[in-house]
Amino acid sequence: MKPPFTRSLPLPETSNFRDLGGYTGHAGQTVKWRSLFRSDHLAALQPGDLADFHALHIRYAVDFRGDAERQAQGYSLPDLEQIALPVEPQVVQRARDLLDAGETLTAAQTHHLMEDTYAAFVLHNQPQFSGFLRLLLERPAPLVFHCTAGKDRTGFAAALLLEVLGVSREDIMQDYLLTNALYRHPIQSRLLLPPDALQVLWRVHPDFLNRAYQTMQAHYGSVDGYLRDALGIGDAEREQLRSLYLT
């Protein structure tokens, strides 16, 4: 049966804007369409895009970008409240540090740096991702969450949310990897890194998200243990989130 909505939404000045609805969750229920959206940054939206954006009735935008990223590419959209939960980007700085030390930054090294980045999400950014899930509990209105490319910080947040809602690991990974089909990286990068490294940074790989899962398992025993002990999302909060976002 044809789904009632399209997952990828063609807002011309975004490239990774999509709906998390439609996945099968806990007890065979379905994640609600047109409630939870993930995206790359919204700073490039043009006036002609606003009618389509506002037709989605999105009330809040959770912005995982770091402080400098938000200052460089800020945005203000009518009737949209922005909520900053900054996760400072570390991988580019670490890559530059290697280059400054005279090392050659290979694709394999960059891949490893990206895996470390996802481990750091688990271990060092608990307040931000806890805040994200608690916001969904406290303010259940249509919401978009994003970072710069909508792939790493946003991808990890989406995986956590879908885990809470009882979506299968296979579907979570499928949603995560959609970035490789949808994200349009800039033609000219300001990152000043070798092309091989940029090709790794501009894509997602199962190893990256799997490193986050492995880190949760190693430090908290399971994803459930991480959600409960690190993020404060126990059984009661999970049930409430499921009641809000499953149908």
Side-chain angles (χ1 to χ4, degrees), residues 1-11 14-42 45 52-65 80-83 85 87 118 121 128-183 204 206 208-209 212-213 223 227 231 233 237-247:
M1 184 170 62
K2 184 178 178 181
F5 295 106
T6 301
R7 184 167 307 287
S8 177
L9 298 166
L11 296 176
T14 69
S15 68
N16 206 6
F17 192 107
R18 59 191 195 260
D19 193 326
L20 282 179
Y23 292 117
T24 300
H26 177 71
Q29 295 178 289
T30 302
V31 180
K32 289 182 179 178
W33 289 98
R34 295 306 188 254
S35 294
L36 302 165
F37 300 90
R38 54 174 292 181
S39 182
D40 53 349
H41 74 81
L42 304 176
L45 283 176
D52 290 337
F53 182 83
H54 287 303
L56 300 172
H57 306 292
I58 295 171
R59 297 283 304 280
Y60 310 111
V62 174
D63 190 344
F64 290 117
R65 295 179 298 171
L80 181 73
E81 180 181 350
Q82 299 175 48
I83 300 165
L85 294 174
V87 178
Y118 278 71
F121 291 160
Q128 293 90 333
F129 295 111
S130 175
F132 167 62
L133 294 174
R134 291 199 167 276
L135 179 68
L136 290 169
L137 279 170
E138 296 163 4
R139 305 173 77 171
L143 166 149
V144 60
F145 56 101
H146 71 89
C147 50
T148 294
K151 67 183 195 69
D152 298 312
R153 291 163 287 190
T154 298
F156 178 67
L160 288 179
L161 173 56
L162 294 176
E163 286 279 353
V164 169
L165 297 180
V167 174
S168 71
R169 190 70 53 81
E170 180 181 0
D171 283 345
I172 290 171
M173 186 62 76
Q174 174 188 311
D175 181 81
Y176 174 71
L177 294 174
L178 276 177
T179 282
N180 291 335
L182 297 175
Y183 176 59
V204 293
F208 305 162
L209 187 57
Y213 283 123
V223 175
L227 288 165
L231 304 190
I233 304 297
E237 290 82 7
R238 289 171 74 108
E239 287 304 313
Q240 188 176 352
L241 283 164
R242 289 169 177 174
S243 71
L244 289 169
Y245 299 106
L246 293 176
T247 185

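Computation of the quantities below employed the complete heavy-atom set of this structure, encompassing side-chain atoms and omitting hydrogens, waters and symmetry-equivalent molecules. Sequence positions, counted from 1, serve as the residue numbers for this chain.
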Among all residues two or more places apart in sequence or in another chain, which pass the side chain to side chain donor-acceptor pair (under 3.5 Å) test with T154?
-> none
Please identify each residue that fulfils side-chain contact (heavy atoms from CB on, under 4.5 Å) with E163, with sequence neighbours left out.
-> R169, I172, Y213, V223
Who pairs with D19 by salt bridge (Lys or Arg N to Asp or Glu O under 4.0 Å), at least two apart in sequence or on another chain?
-> R34
Drop me the distance from E237's CD to L227's CG, to the nearest 0.5 angstrom.
-> 10.5 Å
If you measure from CG on L9 to CG on D52, what distance do you get to the nearest 0.5 Å?
-> 9.5 Å
Taking salt bridge (Lys or Arg N to Asp or Glu O under 4.0 Å) as the test, write out the residues that go with D63, two or more places apart.
-> R65
Sequence neighbours left out, what pairs pass salt bridge (Lys or Arg N to Asp or Glu O under 4.0 Å) with at least one residue falling in residues 144-162?
-> E69-R153
Residues at least two apart in sequence or cross-chain that pass side chain to side chain donor-acceptor pair (under 3.5 Å) with Y183, listed by chain then number, are none
Sequence neighbours left out, what passes side chain to side chain donor-acceptor pair (under 3.5 Å) with R242? Give chain and number order.
-> H26, E239
Under the side-chain contact (heavy atoms from CB on, under 4.5 Å) criterion, do L165 and Y23 qualify, and how do the steps go?
-> CA-CA 10 Å; L165 297 180; Y23 292 117; over 6 Å; no
Sorted by chain and number, sequence neighbours left out, side-chain contact (heavy atoms from CB on, under 4.5 Å) with S168 holds for E170, D171
If only atom types and distance count, is the side chain of D40 paired as donor or acceptor with the main-chain N or O of S15 below 3.5 Å?
-> yes
side-chain contact (heavy atoms from CB on, under 4.5 Å) filter on N180, not counting sequence neighbours, yields L177, R203, V204
Close side-chain approach of L20 to Y245, heavy-atom, < 4.5 Å = no
Side-chain contact test, heavy atoms from C-beta onward, threshold under 4.5 Å: evaluate it for L160 versus I233 and give yes or no.
-> no
Could you grab the distance from atom CG of L11 to atom CG of L42, nearest 0.5 Å is fine?
-> 8.5 Å
Please list, chain by chain and in numerical order, all residues satisfying side-chain contact (heavy atoms from CB on, under 4.5 Å) with H57, sequence neighbours excluded.
-> none
Is there a side-chain contact between L56 and F17, using heavy atoms and a 4.5 Å cut-off?
-> yes
Do L178 and R7 touch side chain to side chain, with heavy atoms closer than 4.5 Å?
-> yes
Donor-acceptor pairs under 3.5 angstrom involving side-chain atoms of residues 132-145: please list them, not counting sequence neighbours.
unit_1: R134; atom_1: NH2; unit_2: G232; atom_2: O; d: 2.6
unit_1: R139; atom_1: NE; unit_2: Y60; atom_2: OH; d: 3.4
unit_1: R139; atom_1: NH1; unit_2: E81; atom_2: OE2; d: 3.4
unit_1: R139; atom_1: NH2; unit_2: E81; atom_2: OE1; d: 2.6
unit_1: R139; atom_1: NH2; unit_2: E81; atom_2: OE2; d: 3.3

Taking every non-hydrogen atom, the tightest pair across S8 and L182 = OG-CD2, 3.6 Å
Taking side chain to side chain donor-acceptor pair (under 3.5 Å) as the test, write out the residues that go with H41, two or more places apart.
-> none
If only atom types and distance count, is the side chain of R38 paired as donor or acceptor with the main-chain N or O of A157 below 3.5 Å?
-> no
So, do R18 and D175 sit near enough that their side-chain heavy atoms are less than 4.5 Å apart?
-> yes
Could you tell me the separation between the CG atom of L45 and the OG atom of S39, rounded to the nearest 0.5 Å?
-> 7.5 Å
When rounded to the nearest 0.5 Å, the distance separating CD of Q29 from OG1 of T247 is 7.5 Å
Under 6.0 Å between ring centres, would you say that holds for F129 and F64?
-> yes
